[in-house]
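Not measured: the values here are computed from a predicted model. Atom set for the values below is all heavy atoms of this structure, side chains included, hydrogens, waters and symmetry mates excluded. One-based numbering along the sequence shown.
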Amino acid sequence: MRRHPGRGEAGRKVTDTQRPGVATLRGAAVGRGIGIGLMYGLWKPRVLGSWRVPASGPVILAVNHAHNIDGPMLMGTAPRPVHFLIKKEAFVGPLGPFLLGIGQLKVDRASTDRRAITDALGVLSDGGVLGIFPEGSRGEGDFASLRAGLAYFAVRSGAPIVPVAVLGGAERKSRLIPGVPPLRSRVDVVFGDAFEAGDGSGRRTRKALDEATVRIQERLAAHLAGARRLTGR
């Protein structure tokens, strides 16, 4: 994906492109449609607090990650199309062009992936929704260990963060398809209040990012604890 600082002939902000394989809002909208069909068709999502996601403008959804369906579940339940940063290892075979076609972003987690950084900041500069797993990889899904990437994107872009807890995906396995929860089981998706990661000073120093990471972790952990109490999970 690339940034589009200009405007079209009719004065509309340019937020999409026709280039094949580029992450676009149109592609993410298609992905959302597919996610809605699959997630509501295979499971029973219960979505709480989706109204907390700003209706327009840039926003970062920070999602806990305990199961493979967490990303697709959020794509199908979020009120706006989401561009996720996804590890490059997932872009194999025909899945690669498909993920790019539905607006997802490939990232190399083993290095400083400048292309992924530019793409992610481009999504936010265009007023889009960026989805991030702050823990970096699938684990306990408790926000216990956060990478600095989330703080960087939030402080650099100024976009608010909305914490999201996906609960129930890892509780049990389907007998038919062991890698997913039982079909037609309930999965809870709880959106929290949006908040700013920075301290208001505009600083982007290493210390400022470290401090932002601590603030983010506290907010995400508090949201997760509240979501568990709310849902009983």
Side-chain angles (χ1 to χ4, degrees), residues 45-54 57-80 82-87 104-105 107 109 116-117 120-121 123-124 128-171 187-201 203-233:
R46 180 173 64 168
V47 183
L48 304 172
S50 61
W51 54 269
R52 294 187 171 99
V53 178
V59 64
I60 299 173
L61 301 183
V63 195
N64 67 321
H65 196 20
H67 198 281
N68 285 327
I69 71 161
D70 295 339
M73 183 61 67
L74 185 61
M75 288 176 62
T77 57
R80 295 171 58 186
V82 182
H83 303 266
F84 260 105
L85 276 170
I86 301 175
K87 62 182 180 181
Q104 306 311 296
L105 309 176
V107 60
R109 299 180 302 173
I117 292 172
L121 290 174
V123 165
L124 296 172
V129 180
L130 181 66
I132 293 181
F133 296 117
E135 297 156 293
S137 60
R138 192 171 71 252
E140 295 299 321
D142 56 2
F143 294 125
S145 178
L146 265 62
R147 292 181 170 229
L150 174 55
Y152 174 81
F153 289 124
V155 172
R156 173 75 182 272
S157 68
I161 297 173
V162 172
V164 187
V166 180
L167 303 172
E171 288 180 353
V187 178
D188 291 321
V189 183
V190 186
F191 295 85
D193 292 320
F195 66 93
E196 303 290 337
D199 60 4
S201 67
R203 294 180 301 129
R204 299 177 185 173
T205 62
R206 175 59 62 87
K207 182 180 179 181
L209 292 178
D210 288 344
E211 291 173 349
T213 298
V214 171
R215 283 192 293 271
I216 291 169
Q217 187 168 27
E218 291 174 348
R219 292 293 296 265
L220 297 187
H223 170 67
L224 181 59
R228 285 173 170 163
R229 289 193 299 269
L230 179 64
T231 61
R233 311 190 93 143

Check side chain to side chain contact (heavy atoms under 4.5 Å, CB included) between [X] and all other residues, then give those that pass, not counting sequence neighbours.
X	result
A78	L61, L74, V82, F191
T231	R46, L48, L167, D188, V190, R233
M75	F84, I102, Q104

Query raised in the report: So, for A62 and P134, which heavy atoms are closest and what is the spacing to 0.1 Å?
Result: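 Smallest interatomic distance, heavy atoms only, reads CB-CG, 3.8 Å.
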
Report task. Not counting sequence neighbours, which residues clear ring pair (Phe, Tyr, Trp, His ring centres under 6.0 Å) with F153? List them please. Result ->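 Result, ring pair (Phe, Tyr, Trp, His ring centres under 6.0 Å) vs F153: none returned.
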
**Report entry** Euclidean distance, R52 CZ relative to D193 CG, rounded to 0.5 Å
**Finding:**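 D193 atom CG to R52 atom CZ measures 4.5 Å (nearest 0.5 Å).
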
**Report entry** salt bridge (charged side-chain N to carboxylate O under 4.0 Å, His left out) against D210, all qualifying residues, sequence neighbours excluded
**Finding:**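 With sequence neighbours excluded, D210 shows a salt bridge (charged side-chain N to carboxylate O under 4.0 Å, His left out) to no residue whatsoever.
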
Are the side chains of [X] and [Y] in touch, meaning some heavy atoms are under 4.5 Å apart?
X	Y	answer
V59	R80	yes
L150	T213	no
M73	P45	yes
P54	V162	yes

Query raised in the report: Excluding sequence neighbours, so at least two apart, what forms side chain to side chain donor-acceptor pair (under 3.5 Å) with S201?
Result: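 So S201 forms a side chain to side chain donor-acceptor pair (under 3.5 Å) with D199, R203.
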
